[in-house]
Amino acid sequence: MNSGLLCSELEVLHHVPTNFIWPKEYLVDAQHELQAPVVDLYGFLRGDNEPTKHAAKLISEACSKHGFFQVINHGVDPHLIREAHHQMDTFFKLPIHRKLSVHKVPCSMWGYSGAHAHRFSSKLPWKETLSFPYHDNTSEPVVTNCFKSTIGEDFEQAGNYYIIDIFQKYCGAMKQLGMKLIELLAISLGVDRLCYKDLFEEGCSIMRCNNYPSCQQPSLTLGTGPHCDPTSLTILHQDHVGGLHVFADNRWQTVPPRLDAFVINIGDTFTALSNGRYKSCLHRAVVNKYKERKSLAFFLCPKEDKLVRAPDDIVSMDGIKHYPDFTWSDLLHFTQKHYRADQATLPNFIKWLQSSKTTQTSQLLR
Ligand SMILES: C=C1C[C@]23C[C@H]1CC[C@H]2[C@]1(C)CCC[C@@](C)(C(=O)O)[C@H]1[C@@H]3C(=O)O
Ligand SMILES: O=C(O)CCC(=O)C(=O)O
Ligand SMILES: [Fe+2]
């Protein structure tokens with residue numbers, strides 16, 4: 001069945017189609033609310049010493065445990081956040097043929113996707129997504145490459161595409177916040193606060209809009225399956241509905257929405273950059289019977305071809321290097337071509353990397 005058509009009808013389906021039904025072991029409910037710090041960034045962003053130390057301590061404890069925290073007084077304009085949600089709502093309300101026209105460039109992750117049905121044949125996520133790249137230095141508005149030519153008059157106001165303008169500004173604010181958070185993470189790890197700056201400054205990050213339609217049988221499926229983000233740092237803004245779960249203390253726990261906060265989670269790449277000190281956060285999204293849910297996820301990524309390696313100061317403090325050097329380009333390629341990201345992406349990527357190096361070496365020796 002065409003994933004796009006499926007997506008436009010998902011909420012009216014009385015029965016979850018088989019390929020959207022997840023095995024029982026994935027569907028254990030969450031009974032508790034996650035107690036994770038809500039870090040006030042006000043003092044840190046002003047450069048005040050004591051609040052910075054306090055924020056770094058909260059972050060160190062949370063990231064060593066489950067890789068999750070939230071931030072308030074983050075400096076991002078609430079009006080811009082509201083507008084980004086509004087533009088996302090407008091896009092997902094388009095008729096399915098218009099959303100499908102924001103085609104996914106074949107073999108790329110950019111554009112519209114209905115339940116990833118073009119990529120996977122089972123355990124389909126109950127969601128539709130819109131993904132596009134963000135790069136600081138692109139003079140062209142970020143989403144132009146993806147869909148300016150196909151979104152048509154709905155979005156054109158006074159000769160420009162308001163949605164592009166809003167997402168350009170939103171992604172710019174996310175990148176700026178992301179760079180400050182990377183600095184605060186470095187401080188929390190006890191290394192030079194700018195030691196990761198060059199790695200991320202020119203990176204091409206990923207903006208993803210998630211729409212989770214309501215579901216008549218929500219206990220049979222998942223909006224997004226259990227996974228650790230392969231990326232470095234995720235800055236997520238969820239709407240008021242709720243549905244994000246984090247796995248901590250050996251159980252799934254809920255993360256009630258706070259519209260004034262951003263959800264921050266450590267990804268696989270930053271786990272390697274911290275030499276394994278910080279956990280890549282295992283999380284998922286559930287759906288419900290009555291209300292659709294949306295989230296804006298910004299994934300901060302390093303420059304594709306730069307080596308991802310933990311700072312020497314961390315490795316010498318730890319006495320052992322836990323991960324081989326790799327590039328984000330290789331890990332992204334692995335998740336898009338060879339492996340569906342889940343809770344074990346990083347160890348499987350390392351195995352794949354080592355086996356492909358062995359193959360290359362043996363071919364060279366022939
Ligand atoms: C590099 C990425 C791959 C995914 C989008 C970004 C960061 C999160 C990844 C993802 C959301 C993890 C769960 C599975 C996935 C396939 C999804 O449900 O969308 C992942 C994304 C992807 O591969 O498109
Ligand atoms: O929508 C959410 O709350 C989580 C989405 C997510 O984990 C992702 O897109 O990687
Ligand atoms: Fe995620």
Side-chain angles (χ1 to χ4, degrees), residues 3 20 22 26 30 34 66-68 70 85 88 92 104-105 107-134 203-213 221-247 252-258 261-270 280-288 292-302 304 328-346 348-349:
S3 65
F20 283 87
W22 287 65
Y26 287 86
L34 178 70
H66 43 58
F68 180 96
Q70 296 196 75
H85 273 277
M88 169 169 57
F92 285 121
K104 283 188 85 56
V105 176
C107 303
S108 103
M109 64 187 298
W110 310 134
Y112 174 80
S113 171
H116 294 328
H118 59 295
R119 292 171 64 187
F120 311 128
S121 53
S122 67
K123 300 204 297 283
L124 292 186
W126 195 269
K127 68 178 176 185
E128 51 183 343
T129 64
L130 173 67
S131 308
F132 44 85
Y134 176 75
C204 178
S205 292
I206 300 165
M207 181 70 218
R208 166 157 294 179
C209 303
N210 293 306
N211 182 37
Y212 303 99
T221 188
L222 287 170
T224 296
H227 69 281
C228 300
D229 295 337
T231 43
S232 292
L233 190 69
T234 305
I235 305 175
L236 182 126
H237 194 269
Q238 50 176 336
D239 69 12
H240 67 287
V241 175
L244 173 61
H245 291 175
V246 167
F247 194 80
W252 285 107
Q253 303 191 50
T254 62
V255 179
R258 276 193 62 150
F262 282 105
V263 161
I264 310 296
N265 62 263
I266 299 290
D268 292 337
T269 302
F270 201 84
S280 187
C281 175
L282 175 55
H283 56 290
R284 71 183 184 183
V286 297
V287 291
N288 70 79
E292 68 181 6
R293 174 176 177 261
K294 291 188 182 65
S295 67
L296 293 161
F298 182 85
F299 302 104
L300 186 73
C301 301
E304 291 75 5
W328 165 239
S329 170
D330 285 345
L331 178 48
L332 181 59
H333 173 81
F334 179 66
T335 69
Q336 299 306 300
K337 297 280 184 295
H338 302 283
Y339 189 89
R340 176 176 180 176
D342 59 13
Q343 63 267 32
T345 308
L346 189 56
N348 282 289
F349 168 65

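Read the numbers this way: they start at 1 and go in the same order the structure lists the ligands and their atoms.
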Check your understanding: With a 4.5 Å limit on heavy-atom distance, are the side chains of Met88 and Leu130 in contact?
Key -> no
Practice item. Any atoms of ligand 1 less than 4.0 Å from a non-hydrogen atom of Asp229? List them with their elements. Key: 8 (C)
Study note, to complete from the structure: The closest protein heavy-atom partner of atom 13 (C) of ligand 1 is His227 CG, 3.5 Å
Check your understanding: Taking heavy atoms and a distance under 4.0 Å, where does Val263 meet ligand 2: side chain, backbone, both or neither?
Key -> neither
Check your understanding: Atoms of ligand 2 less than 4.0 Å from Phe299 heavy atoms?
Key -> 8 (C), 9 (O), 10 (O)
**Study point:** Residue-ligand contact Phe334/ligand 1, heavy atom below 4.0 Å
**Key:** no
Practice item. Grab the two heavy atoms, one from Gln70 and one from Pro256, that are nearest each other, plus how far apart they are. Key: NE2-O, 4.4 Å
Check your understanding: Should you measure from each heavy atom of Leu332, which atoms of ligand 1 turn up under 4.0 Å away?
Key -> 1 (C)
Practice item. For Lys127 and ligand 2, answer yes if some heavy atom of the residue is under 4.0 Å from a ligand atom, otherwise no. Key: no
Review point. Got Ile235 and Ile264 here, is their nearest side-chain heavy-atom distance under 4.5 Å?
Key: yes
Practice item. Specify the protein heavy atom at minimum distance from atom 11 (C) of ligand 1: its residue, its atom name, and the distance to 0.1 Å. Key: Arg208 NH1, 3.7 Å
Check your understanding: For atom 3 (O) of ligand 2, what's the nearest protein heavy atom and its distance?
Key -> Arg293 NH2, 2.7 Å
Check your understanding: Closest N/O/S atom of Asp229 to the Fe ion (ligand 3), by atom name?
Key -> OD1
Review point. Are any side-chain N or O atoms of Trp126 and backbone N or O atoms of Pro213, one a donor and one an acceptor, separated by less than 3.5 Å?
Key: yes
**Study point:** Part of Gln238 with heavy atoms under 4.0 Å of ligand 2, whether side chain, backbone, both or neither
**Key:** neither
**Study point:** Atom indices of ligand 1, in the order listed, that fall short of 4.0 Å to a heavy atom of Lys127
**Key:** 17 (C), 18 (O), 19 (O)
Check your understanding: What do the steps show when you test Arg208 against Ser131 for side-chain contact (heavy atoms from CB on, under 4.5 Å), and what is the final call?
Key -> CA-CA 4 Å; Arg208 166 157 294 179; Ser131 308; 2.9 Å; yes
Check your understanding: Using a heavy-atom cut-off of under 4.0 Å, does the side chain or the backbone of Arg284 touch ligand 2, or both, or neither?
Key -> neither
Study note, to complete from the structure: Nearest heavy-atom approach of Arg284 to Leu244 is O-CD1, 3.5 Å
Point to revise | atom 3 (C) of ligand 1 - nearest protein heavy atom and its distance | key: Gln336 NE2, 3.7 Å
Exercise for review: Between Thr234 and ligand 2, find which residue part has any heavy-atom pair under 4.0 Å and reply side chain, backbone, both or neither.
Suggested key: neither
Revision key, fill the gap. for atom 22 (C) of ligand 1, nearest protein heavy atom and its distance come out as Arg119 NH1, 3.4 Å
Point to revise | Numbered atoms of ligand 2 (with element) below 4.0 Å of Leu244, judged on heavy atoms | key: 3 (O)
Point to revise | Trace of the side-chain contact (heavy atoms from CB on, under 4.5 Å) decision for Phe270 with Asn265 | key: CA-CA 10 Å; Phe270 201 84; Asn265 62 263; over 6 Å; no
Check your understanding: For the residue pair Pro125 and Thr224, what are the closest heavy atoms and their distance?
Key -> CB-CA, 4.4 Å
Practice item. Quick one: the NE2 of His227, the Fe ion (ligand 3), NE2 of His283 angle, rounded to 10°, please. Key: 90°
Point to revise | Pro302 and Ser232, any side-chain heavy atoms less than 4.5 Å apart | key: yes
**Study point:** Distance-minimising heavy-atom pair for Ser280 and Asp268
**Key:** OG-OD1, 2.8 Å
Review point. Going through the distances and angles, do Arg119 and Arg340 end up as a side-chain contact (heavy atoms from CB on, under 4.5 Å)?
Key: CA-CA 9 Å; Arg119 292 171 64 187; Arg340 176 176 180 176; over 6 Å; no
**Study point:** His245 side chain to His283 side chain, donor-acceptor N/O pair below 3.5 angstrom
**Key:** no
Exercise for review: Side-chain contact test, heavy atoms from C-beta onward, threshold under 4.5 Å: evaluate it for Phe349 versus Thr335 and give yes or no.
Suggested key: no
Exercise for review: Give the minimum heavy-atom separation between Gly114 and Tyr112, together with the two atoms involved.
Suggested key: N-CE2, 3.8 Å
Point to revise | Where ligand 1 meets Ala341 - atom numbers and elements under 4.0 angstrom, heavy-atom basis | key: 12 (C), 13 (C), 14 (C)
Review point. Side chains of Thr269 and Cys301: does their closest heavy-atom pair fall under 4.5 Å?
Key: no
Exercise for review: Just need the protein heavy atom nearest to atom 15 (C) of ligand 1, so name the residue and atom and give the distance.
Suggested key: His116 NE2, 4.4 Å
Practice item. Could you list the atoms of ligand 2 found under 4.0 angstrom from a heavy atom of His283? Key: 7 (O)
Point to revise | atom 9 (C) of ligand 1 [closest protein heavy-atom partner, distance rounded to 0.1 Å] | key: Pro230 CD, 3.9 Å
Check your understanding: Nearest protein heavy atom to atom 9 (O) of ligand 2, by residue and atom, and its distance?
Key -> Asn210 ND2, 3.2 Å
Practice item. Check ligand 2 against His227 and write out every atom of the ligand that is under 4.0 Å from a heavy-atom position of the residue. Key: 6 (C), 7 (O), 8 (C), 10 (O)
Review point. Short list, please: which atoms of ligand 2 are under 4.0 Å from a heavy atom of Tyr212?
Key: 1 (O), 2 (C), 4 (C), 5 (C)
Point to revise | Trp22 side chain vs Leu124 backbone, donor-acceptor pair below 3.5 Å | key: yes
Exercise for review: Among all protein heavy atoms, pick the one closest to atom 2 (C) of ligand 1 and tell me residue, atom and distance.
Suggested key: Met109 CE, 4.0 Å
Exercise for review: Please could you name the atoms of ligand 1 that Trp328 approaches to less than 4.0 Å, counting only its heavy atoms?
Suggested key: 1 (C)
Exercise for review: May I ask you to check whether Ser295 has an N/O atom sitting below 3.5 Å from an N/O atom of ligand 2?
Suggested key: yes
